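When a residue number appears, it is its place in the shown sequence, counting from 1. As the structure is a computational prediction, the values presented were derived from the model and not from experiment.
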Amino acid sequence: MSHANAITQQRGEDDTPKSQYEKGVKLLIDNGLKKVPKKYIFPESDRSAARNTEDPNVAKQNLQLPIIDFADLLGPCRTQVLQSLANACEEYGFFQLVNHGISNDVIKNMLDVSGRFFNLPFEERAKYITSDVRAAVRYGTSFNQTKDTVFCWRDFLKLLCNPLPDYLPHWPSSPLDFRQAAATYAEETKYLFLTLMEAIIESLGIIEADQEKETVENDNDILKDLKDGSQMMISNFYPECPEPDLTLGMPPHSDYGFLTLLLQDEVEGLQIQFQEKWVTVQPIPNAFVINIGDHLEIYSNGKYKSVLHRVLVNSVKSRRSVASLHGLPFSHTVRPSSKLIDEVNPKRYADTDFNSFLSYISTTELKRKDFLDSRRLTST
């Protein structure tokens with residue numbers, strides 16, 4: 001029996017009521033928690049001996065993701081950068097984006113105001129606690145607190161962002177500058193997402209560089225739909241953990257939309273599965289980590305794949321990140337592009353929509369790529 005499993009068995013049932021866990025990890029730490037409760041101990045298969053370099057499933061070195069220079073993407077080197085982008089999407093499902101045009105002040109303000117929100121008195125944060133996964137504003141501590149058997153070692157604030165004028169009045173009014181900083185960040189990341197998606201669609205060969213988008217049949221509405229599409233921002237706070245080897249900030253999962261734009265502080269924690277090993281992503285100051293979502297895997301008919309990733313925690317430093325998830329409008333259907341379907345490449349995924357996803361996670365514990373797997377039509 002492993003040491004971690006022995007600890008799990010010795011602890012038995014926790015004395016802490018379930019409702020206390022639903023108030024978030026930060027409150028537990030603020031109240032002097034000295035060991036990880038059983039409710040937060042993940043199966044060893046999910047933790048995969050994250051810090052044991054002898055484990056063959058964990059790489060010994062950090063991963064330097066492909067770096068895409070956004071400025072070059074908009075310049076005369078676009079053709080070469082599109083090829084690099086295609087390679088990153090096919091081989092990694094992740095890349096880091098630099099020179100993206102969002103100012104350091106906007107980035108700094110977003111990370112700062114997020115941190116100050118999580119430092120508010122619990123009573124202020126508690127205003128936004130709900131188990132409703134469809135809520136426009138939600139403060140919580142796990143994917144689905146009514147279904148998850150193990151809770152994540154993180155607190156999060158979820159904000160729906162589009163249309164911004166509809167949602168902004170419901171966002172937290174404390175700290176006083178929260179709405180302004182978050183709204184500016186939301187607008188700028190939305191523009192960045194749309195520009196990236198135009199390049200990704202071009203890299204797939206769906207829209208040629210010299211082709212007027214209006215003349216493209218079947219796929220000519222995708223960029224327009226994405227412009228009017230969904231945007232969700234999630235501010236994450238991962239408190240320092242007394243026994244980090246027993247838990248995870250987030251378990252292995254893929255994201256459900258088209259693209260996720262992740263802003264993280266300088267504290268390591270994000271790991272992705274690359275060549276069947278877990279590797280830690282080295283943070284680059286002010287860069288975005290971009291990853292392919294399930295819906296883009298569906299749209300690309302499997303050419304670009306969403307990738308499992310997870311978050312480690314540590315005993316020394318808390319960690320902050322802000323994820324901006326983008327996709328089609330919630331009411332729209334996602335289907336493989338007709339340009340990527342032929343006799344050699346048959347349709348590999350069933351059509352789906354966001355409501356199907358929400359219904360799935362409302363009734364089932366979300367694990368790995370289970371939802372996407374449920375949409376597959378072929379085994380390859």
Side-chain angles (χ1 to χ4, degrees), residues 25 65 93-97 100 102 106-115 117-118 128 133 135-144 152-162 164 167 171-172 178 181-194 196-197 226 229-238 248-272 280-281 283-284 286-296 306-313 318-327 354 357 361 366 369 371:
V25 186
L65 286 175
F94 273 77
F95 57 89
Q96 299 226 46
L97 189 72
H100 43 68
I102 298 181
V106 170
I107 287 174
K108 178 178 177 296
N109 289 344
M110 187 64 213
L111 281 174
D112 177 64
V113 80
S114 295
F117 172 83
F118 289 109
Y128 308 100
V133 295
V137 179
R138 180 181 174 218
Y139 181 73
T141 188
S142 204
F143 287 118
N144 186 345
C152 307
W153 195 266
R154 68 152 183 169
D155 287 358
F156 68 85
L157 177 69
K158 181 197 79 174
L159 306 170
L160 294 186
C161 303
N162 191 44
L164 192 56
Y167 290 121
W171 289 5
F178 183 91
T184 299
Y185 183 82
E187 289 176 326
E188 298 210 17
T189 51
K190 178 75 170 186
Y191 171 79
L192 186 59
F193 160 72
L194 291 171
L196 277 175
M197 275 306 305
L226 289 171
S230 62
Q231 179 180 10
M232 181 188 302
M233 286 201 311
I234 304 177
S235 291
N236 299 301
F237 181 75
Y238 305 93
L248 290 168
M250 293 183 74
H253 69 285
S254 60
D255 294 344
Y256 55 82
F258 268 70
L259 286 182
T260 298
L261 282 61
L262 179 74
L263 175 65
Q264 56 180 337
D265 64 14
E266 75 285 355
V267 181
E268 291 180 1
L270 175 65
Q271 287 194 324
I272 73 169
T280 300
V281 174
I284 297 177
N286 297 325
F288 284 97
V289 177
I290 313 292
N291 66 280
I292 304 301
D294 292 347
H295 286 180
L296 182 50
S306 62
V307 171
L308 287 178
H309 51 289
R310 67 183 185 183
V311 178
L312 306 185
V313 293
S318 60
R319 179 174 177 270
R320 293 167 296 160
S321 69
V322 181
S324 187
L325 293 84
H326 301 263
F354 189 71
F357 173 78
I361 66 170
L366 190 64
K369 295 180 68 168
F371 175 73

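- Here the side chain of W171 pairs a donor or acceptor atom with the backbone of L160 at under 3.5 angstrom.
- Interatomic distance, L97 CG to L196 CG, rounded to the nearest 0.5 Å: 5.5 Å.
- Judged by distance alone, the side chain of H309 and the main-chain N or O of H253 form a donor-acceptor pair under 3.5 Å.
- Side-chain contact between F118 and R320 is absent, with no heavy atoms from C-beta onward closer than 4.5 Å.
- With contacts defined as side-chain heavy-atom distances shorter than 4.5 Å, the pair I290/L259 qualifies.
- Counting only distance, with no hydrogens or angles, the side chain of H100 and the backbone of N286 share a donor-acceptor pair below 3.5 Å.
- Below 30°, between 30° and 60°, or above 60°: for H295 and F258 the angle between ring planes is above 60°, a perpendicular geometry.
- Atom CG of residue N162 and atom CE of residue M232 lie 11.5 Å apart, to the nearest 0.5 angstrom.
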Set out, in order, the CA-CA distance, both residues' side-chain angles and the distance that settles side chain to side chain contact (heavy atoms under 4.5 Å, CB included) for L194 and L226, then state yes or no. CA-CA 7 Å; L194 291 171; L226 289 171; 4.0 Å; yes
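- The shortest side-chain heavy-atom distance between S321 and L262 falls under the 4.5 Å cut-off.
- Distance check, rounded to the nearest 0.5 Å: CZ of R319 to CG of N236 gives 8.0 Å.
- Between V311 and C152, every side-chain heavy-atom pair lies at or beyond the 4.5 Å cut-off.
- Rounded to the nearest 0.5 angstrom, L261 CG and M233 CE are separated by 11.5 Å.
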Please walk me through it: do F237 and S114 pass side chain to side chain contact (heavy atoms under 4.5 Å, CB included)? CA-CA 8 Å; F237 181 75; S114 295; over 6 Å; no
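- Between the CE atom in M110 and the CG atom in L263 there is a gap of 8.5 Å [rounded to 0.5 Å].
- Of all heavy-atom pairs between S318 and D265, the closest is O-OD2, 4.3 Å.
- Judged by distance alone, the side chain of Q231 and the main-chain N or O of A186 form a donor-acceptor pair under 3.5 Å.
- Rounded to the nearest 0.5 angstrom, S235 OG and R154 CZ are separated by 10.5 Å.
- Ring geometry, F193 versus H326: the interplanar angle falls under 30°, so the pair is classed parallel (tilted spans 30 to 60°).
- No donor-acceptor pair closer than 3.5 Å links the side chain of D255 to the backbone N or O of G257.
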Applying side chain to side chain contact (heavy atoms under 4.5 Å, CB included) to T184 and N109, what does each step give before you reach the verdict? CA-CA 10 Å; T184 299; N109 289 344; over 6 Å; no
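- At least one donor-acceptor pair under 3.5 Å links the side chain of K158 to the backbone N or O of A135.
- The aromatic rings of F288 and Y185 are tilted relative to each other, their planes meeting at an angle between 30° and 60°.
- Among all heavy-atom pairs drawn from P252 and L308, the shortest one is C-CD2, 4.2 Å.
- A heavy-atom distance below 4.5 Å is found between the side chains of V322 and L111.
- Of all non-hydrogen atoms in Q96 and A287, the two that sit nearest each other are OE1-CB, 3.9 Å.
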